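Written out below as structure tokens is the structure these notes cover.
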Number of protein chains: 2
Amino acid sequence: MARTTGSHSEITGPRIREAALRLFAKHGYAAVSMRQIAREVGVQVGALYNYTPDKQALLFSLLQGHMDELLAAWEAEPRGADPLARLESFVRFHIRFNLARPEAIFISYMELRNLEPAPFAAIESLRKTYEQELEAILAQGRDAGVFQLDEPRITAFALIAMLTGVNTWYRADGRLSEPEVASLYWDMTRRAVGA
Amino acid sequence: MARTTGSHSEITGPRIREAALRLFAKHGYAAVSMRQIAREVGVQVGALYNYTPDKQALLFSLLQGHMDELLAAWEAEPRGADPLARLESFVRFHIRFNLARPEAIFISYMELRNLEPAPFAAIESLRKTYEQELEAILAQGRDAGVFQLDEPRITAFALIAMLTGVNTWYRADGRLSEPEVASLYWDMTRRAVGA
DNA sequence: GTCTATAAGGTGATAGAC
DNA sequence: GTCTATCACCTTATAGAC
């Protein structure tokens with residue numbers, strides 16, 4: 001299993017991130033050792049420290065990368081002009097994006113508490129930005145008289161929790177396809193906001 | 001800080017469980033050591049093993065105790081005769097019960113993966129029993145023509161995820177009281193099921 | 001039931017050779 | 001950039017004294 005010595009920075013870096021993501025999601029950040037990550041990648045533990053100053057920075061980098069990707073993907077998503085169409089875009093986008101990255105979603109919810117206050121606040125801020133995207137859609141729809149709701153912020157929390165929950169039970173080889181699931185959740189969402 | 005030697009089984013046992021629950025919820029099961037728990041309780045680490053065969057059994061016992069309490073409390077909950085009233089009972093019960101035990105709820109969702117297959121399956125089975133209580137209400141309402149929904153099981157997953165999400169943002173000293181929050185979620189639930 | 005001491009092994013991180 | 005070797009420390013769990 002010993003590897004030859006040499007320079008592999010272009011592939012080792014991503015491989016470390018992939019292994020860490022998979023292991024953190026499966027066993028939890030605290031339960032995974034740097035040695036385990038190194039073994040998975042096929043390098044010795046000392047080599048990891050060429051790519052991260054410490055274990056926590058590796059976790060932070062994964063979480064931040066995920067949130068950046070989420071916000072960029074939503075930014076790039078085609079969306080309808082009116083609040084109802086935008087809400088449907090958000091629901092379908094959220095489910096599609098989350099089901100494509102179950103491991104990143106998992107650690108984003110579970111491992112935040114392993115960050116020090118400053119990195120924690122940085123990730124929380126990105127999450128809040130995303131939540132506010134939905135909150136804004138809800139507030140616009142309410143102001144336009146399309147949605148019946150009193151608390152856009154709380155409704156946004158409730159809907160995001162509901163939508164993210166898909167990841168806990170959905171199986172790609174299950175009875176329902178992803179678009180079918182998205183349509184079910186869109187029906188519930190539409191009704192929940194009184195549209 | 002040294003304690004006198006002596007027999008304290010009636011108080012040490014519960015104190016170990018309380019300390020473990022609090023620490024597991026705050027830092028995560030894997031990140032908490034038996035020494036930390038012992039320090040919190042005010043005993044030496046060896047004494048813990050009079051109350052649990054090992055660390056994992058302590059986690060299992062906490063999770064099982066929580067699920068038993070949940071099922072017993074729902075069993076004892078007064079509930080309406082028709083599906084709509086029963087659904088409202090469930091929603092208000094779930095929010096009230098969860099907000100009263102944030103730490104137990106937290107570890108029930110986060111630390112399940114730290115159990116071996118057999119204990120894991122035992123807790124999953126209890127959770128499934130609870131989910132089926134809601135699923136049955138939804139199916140009854142659909143059959144009675146009171147609810148509009150095609151998938152009682154998936155609707156149950158969606159609603160439980162939504163309701164459990166309250167724990168992530170609710171603060172007792174916040175703007176909204178617990179009954180007000182419950183009413184907001186009941187409005188969304190009622191509409192989501194097409195009642 | 002609680003203590004102290006210890007076994008046996010894992011931890012994150014670093015230094016210096018190549 | 002990767003390796004080996006190592007530091008200083010922490011881990012779960014147990015044995016035997018009290």
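Since this is a predicted model, take the numbers as computed values, not measurements. Letters A, B, ... mirror the listed sequences (proteins, then strands); counts begin at 1.
- Atom-to-atom, CG of Leu48(B) to C1' of dG1(C) comes out at 12 Å; the value is rounded to the nearest Å.
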Just distance, no hydrogens or angles: give the donor-acceptor pairs under 3.5 Å from side chains in residues 141-163 of chain A, sequence neighbours left out.
from      : atom 1 : to        : atom 2 : distance (Å)
Glu151(A) : OE1    : Arg175(B) : NH2    : 2.8
Glu151(A) : OE2    : Arg175(B) : NH1    : 3.1
Thr155(A) : OG1    : Glu151(A) : O      : 2.7

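- Pairs of residues two or more places apart, or lying in two chains, that qualify as side-chain hydrogen bond (donor to acceptor under 3.5 Å, both in side chains) and include a residue from residues 92-106 of chain A are Glu69(A)-Arg101(A), Glu77(A)-Arg96(A), Glu88(A)-Arg92(A), Arg92(A)-Ser183(A), His94(A)-Asn98(A), His94(A)-Tyr130(A), His94(A)-Thr164(A).
- With sequence neighbours excluded, the residues that form a side-chain contact (heavy atoms from CB on, under 4.5 Å) with Arg127(B) are Met67(B), Tyr109(B), Leu112(B), Glu124(B), Glu131(B).
- Residue Ser33(A) places none of its side-chain N or O atoms closer than 4.0 Å to OP1 or OP2 of dG10(C).
- Taking 4.0 angstrom as the limit, Tyr51(B) places a side-chain polar atom (N or O) nearer than this to OP1 or OP2 of dT2(C).
- Inter-residue side-chain proximity for Glu178(B) and Val181(B) is flagged as unmet; no heavy-atom pair is nearer than 4.5 Å.
- The interatomic distance linking Ile16(A) (CD1) with dG1(D) (C1') rounds to 10 Å, in whole Å.
- Between the P atom of dA15(D) and the CG atom of Asn50(B) lies a distance of 13 Å, rounded to the nearest Å.
- Helix-axis bend for the helix from dG1(C)-dC18(D) to dC18(C)-dG1(D): the local axis fitted to the five terminal pairs at one end deviates from that at the other end by 0°, rounded to 10°.
- In this structure, Glu40(A) does not pair ionically with Arg15(A), as no charged nitrogen and carboxylate oxygen lie closer than 4.0 Å.
- In this view, Ser177(B) and Pro179(B), Glu180(B) satisfy the side-chain contact (heavy atoms from CB on, under 4.5 Å) rule, not counting sequence neighbours.
- Not counting sequence neighbours, the partners of Met110(B) by the side-chain contact (heavy atoms from CB on, under 4.5 Å) test are Met110(A), Arg113(A), Phe106(B).
- Taking atom CE of residue Met34(A) and atom C1' of nucleotide dC3(D), one finds them 16 Å apart after rounding to whole Å.
- The CD-C1' distance, from Gln36(A) to dG12(C), rounds to 14 Å in whole Å.
- When rounded to the nearest whole Å, the span between CZ of Arg39(A) and P of dT2(D) equals 18 Å.
- Counting only residues at least two apart or on different chains, the ring-ring contact (aromatic ring centres under 6.0 Å, His included) pairs with a member in residues 15-45 of chain A are Phe24(A)-Tyr29(A).
- The ring-ring contact (aromatic ring centres under 6.0 Å, His included) search around Trp74(B) returns Phe90(B), Phe93(B), not counting sequence neighbours.
- Phosphate contact (OP1/OP2 of dT2(C), side-chain N/O of Thr12(B), threshold under 4.0 Å): present.
- One can place CZ of Arg15(A) at 14 Å from C1' of dT2(D), the figure rounded to the nearest angstrom.
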Filtered N/O pairs between nucleotides 4-6 of chain C and protein, under 3.5 Å:
none

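- Nearest nucleotide to the Tyr49(A) side chain, out of dA13(D), dT11(D), dA13(C): dA13(C).
- Remark: C1' of dA13(C) and CD of Gln56(A) are 14 Å apart, rounded to the nearest angstrom.
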